[in-house]
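Since the structure is predicted, the reported quantities are computational estimates derived from the model, not experimental observations. Atoms within each ligand, like the ligands themselves, are counted from 1 in listed order.
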Amino acid sequence: MSLALNIDHGTATRPIKAGPVDLVGLSRREMAGELAGIGLSERDAKMRASQLWNWIYVNGVTDFGAMTNIAKGLRAELAQVFTVGRPEIVSEQISIDGTRKWLFRFRDPAHPNMPPVEVETVYIPESDRGTLCVSSQVGCTLTCSFCHTGTQKLVRNLSAGEILAQVMMARERLGDFPDGVRPTDGLVPPGETRAITNIVMMGMGEPLYNYENVKKALLIASDGDGLSLSKRRITLSTSGVVPHIEPTGREIGVMLAISLHAVRNDLRDVLVPINKKWPLEELLEACRTYPGVSNARRITFEYVMLKDINDSDADAKELVRLLAKIPAKINLIPFNPWPGSNYQCSDWDRIEAFADIVNRAGYASPVRTPRGRDILAACGQLKSETERLKKKDRDAFML
Ligand code: SAH
Ligand code: SF4
């Protein structure tokens with residue numbers, strides 16, 4: 001008797017034909033490698049990679065035809081093999097306070113038959129700065145009980161290119177590239193300075209669960225010959241993935257924010273369940289020894305104000321005591337409600353009383369003003385449309 005084995009592992013869900021390679025998100029060395037791959041000599045590849053880097057990151061150019069210091073024939077060849085990726089804009093909402101929220105859709109050009117994913121990115125203008133809140137994952141594997149993103153299953157990690165593309169697209173929309181035009185709605189600070197001066201990795205997802213891609217994206221964003229965002233103006237927020245905290249300081253060198261939210265392990269286990277894996281003592285020790293931490297480079301501790309949960313005077317005093325030996329800033333975040341959430345924001349009097357205790361311990365202006373509440377763009381309210389994807393489709397491209 002003969003047996004025929006079916007070794008078809010579901011080719012229908014696999015890429016059929018690879019599309020052009022996206023240059024956004026490649027390191028300079030990788031870019032040169034790709035150019036060598038289409039036949040350029042090592043020296044030429046290096047030189048052309050520098051030119052492309054400048055066109056892409058300094059000038060925001062996506063059309064190879066406009067790259068005038070590259071020979072016409074080569075431009076045409078590049079356009080066939082490569083692309084400079086920008087997400088599709090599904091929606092752009094503008095809050096009455098000037099906050100903008102985009103829903104971006106990404107298709108992976110190298111895997112065109114995979115379903116697209118969608119992420120949210122938020123721009124928060126202030127008088128002296130403009131901050132872009134960037135997503136690192138579609139959804140989140142963690143389930144912090146007060147966070148809207150936490151109710152959405154992880155669909156997948158974003159690639160370095162997709163993380164950067166949020167910055168590139170936002171800069172394009174805000175007229176932040178040399179030929180760009182600033183929106184004239186009066187909601188983006190005018191003038192010579194950039195619209196986006198700061199980046200916070202505080203959008204959807206846990207950046208330290210997508211460490212390699214986040215690292216690559218942030219090193220490109222801070223590259224002095226490209227986007228040139230200062231590492232002191234880039235903040236990575238984590239719920240407390242302790243083993244990745246030291247490498248973040250040593251290898252990326254950006255500012256760190258910790259989602260603390262509770263001063264006792266029993267409560268933090270409920271609010272930020274990753275605490276069961278890495279409890280407060282281990283988290284705070286990682287902060288004490290964070291590479292580069294100093295009074296000039298403090299760690300931000302985020303603390304969401306939840307009515308009758310974590311907002312007593314005793315909690316405030318314990319917070320101050322816990323952080324005594326760490327160069328720290330404290331950021332009290334009024335809880336931003338979302339449809340279906342089980343918590344309430346602390347009353348304003350309570351927030352003030354809590355802030356007073358924190359203030360008296362020497363921490364300045366600790367309460368974060370909620371922004372973009374009317375368009376559900378405030379901290380912890382982000383949740384993409386992608387979760388509407390049928391489970392079947394999701395499973396097909398789960399990494
Ligand atoms: N996953 C990362 C970064 C994204 S969340 C982290 O947890 O740090 C950015 C910040 O918003 C975190 O401090 C998070 O705890 C907080 N947050 C989440 N949901 C919130 C809500 N509904 N109201 C206020 N802050 C919230
Ligand atoms: Fe994930 Fe951060 Fe939300 Fe927690 S707070 S569920 S880690 S996005």
Side-chain angles (χ1 to χ4, degrees), residues 99 101 119-122 124 131-158 163 166 198-211 214 218 234-242 244-245 248 254-262 267-278 283 286-287 299-307 309-311 319 328-346 351 366-373 376-384 387:
T99 302
K101 180 171 84 169
V119 294
E120 290 181 324
T121 307
V122 175
I124 307 143
T131 303
L132 194 71
C133 181
V134 174
S135 293
S136 56
Q137 299 183 307
V138 185
C140 189
T141 46
L142 302 173
T143 50
C144 303
S145 51
F146 54 90
C147 173
H148 203 198
T149 311
T151 65
Q152 182 188 338
K153 286 206 178 66
L154 177 76
V155 177
R156 70 166 171 83
N157 283 333
L158 293 176
I163 295 168
Q166 297 169 63
N198 293 49
I199 291 183
V200 291
M201 295 303 297
M202 292 186 188
M204 296 161 57
E206 168 48 59
L208 295 190
Y209 270 168
N210 186 14
Y211 181 76
V214 167
L218 295 183
I234 301 178
T235 302
L236 183 150
S237 174
T238 179
S239 56
V241 185
V242 167
H244 278 123
I245 290 181
T248 298
V254 291
M255 307 298 283
L256 184 69
I258 301 286
S259 293
L260 196 67
H261 307 319
L267 179 59
R268 196 162 189 272
D269 283 352
V270 175
L271 298 180
V272 188
I274 200 179
N275 193 68
K276 290 187 220 157
K277 207 164 184 178
W278 293 294
L283 175 60
C287 293
I299 296 174
T300 302
F301 288 87
E302 298 161 281
Y303 195 95
V304 64
M305 298 299 297
L306 301 169
K307 185 173 183 165
I309 303 281
N310 64 354
D311 61 353
L319 177 62
K329 283 190 262 191
I330 296 178
N331 222 207
L332 304 178
I333 316 175
F335 171 63
N336 291 306
W338 36 272
S341 59
N342 289 327
Y343 297 99
Q344 283 176 291
C345 181
S346 308
I351 297 181
V367 185
R368 187 188 293 178
T369 320
R371 299 290 303 267
R373 274 187 168 181
L376 281 184
C379 270
Q381 291 182 321
L382 304 186
K383 187 170 171 180
S384 81
E387 72 167 327

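Summarising the contacts of atom 14 (C) of ligand 1 with Glu206, His148, His261, the nearest heavy atom is found in His261. Evaluated by nearest non-hydrogen atom to atom 4 (C) of ligand 1, the leading choice among Pro207, Ser237, Gly203 is Gly203.
The closest approach between a heavy atom of Trp338 and any atom of ligand 1 is below 4.0 Å. Residue Gly205 places a heavy atom under 4.0 Å from ligand 1.
Going from atom CD1 of Ile351 over to atom SG of Cys345 covers 4.0 Å, rounded to the nearest 0.5 Å. Here the CD-OG distance, from Glu120 to Ser135, works out to 7.0 Å after rounding to the nearest 0.5 Å.
The closest side-chain donor-acceptor pair between Thr238 and Glu206 falls under 3.5 angstrom.
Exactly one of Leu132, Thr235, Val254, Ile163 qualifies for a side-chain contact (heavy atoms from CB on, under 4.5 Å) with Met201. That residue is Ile163. Only one option out of Thr300, Ile245, Val272, Asn331 pairs with Ile258 in a side-chain contact (heavy atoms from CB on, under 4.5 Å); it is Ile245.
Near Asn336, with a cut-off below 4.0 Å to any heavy atom, the atoms of ligand 1 are 21 (C), 22 (N), 23 (N), 24 (C). Less than 4.0 angstrom separates some heavy atom of Ser239 from each of these atoms of ligand 1: 6 (C), 7 (O), 8 (O). For ligand 2, the atoms lying closer than 4.0 Å to a non-hydrogen atom of Leu142 are 6 (S), 7 (S). Heavy-atom proximity to Ile333, at under 4.0 Å, picks out these atoms of ligand 1: 24 (C), 25 (N). Atom numbering of ligand 2 starts at 1 in the shown order; those under 4.0 Å from a heavy atom of Ser239 are 7 (S).
For ligand 1, one of its N or O atoms has an N or O atom of Glu302 under 3.5 Å away. Taking distance alone, with nitrogen or oxygen atoms compared against 3.5 Å, Phe146 approaches ligand 1 more closely than that limit. Between Val304 and ligand 1, a contact under 3.5 Å exists for no N or O pair.
Both the backbone and the side chain of Cys144 come within contact range of ligand 2, each with a heavy atom under 4.0 Å. With a 4.0 Å cut-off on non-hydrogen atoms, Thr238 touches ligand 1 through its backbone and not its side chain.
Annotation: side chain of Thr151 is in contact with side chain of Trp338 (closest heavy-atom distance under 4.5 Å). Val214 places none of its side-chain heavy atoms less than 4.5 Å from the side chain of Thr248. Counting heavy atoms from C-beta on, the side chains of Tyr209 and Cys140 never come closer than 4.5 Å. No side-chain heavy atom of Ile309 sits less than 4.5 Å from a side-chain heavy atom of Val270.
Shown here, atom 3 (Fe) of ligand 2 is in close reach of the protein: a heavy atom of it lies under 4.0 Å off.
The backbone N or O of His261 lies less than 3.5 Å from a partner atom in the side chain of Asn310, making a donor-acceptor pair.
Annotation: atom 1 (Fe) of ligand 2 to nearest protein heavy atom, Cys140 SG, 2.4 Å.
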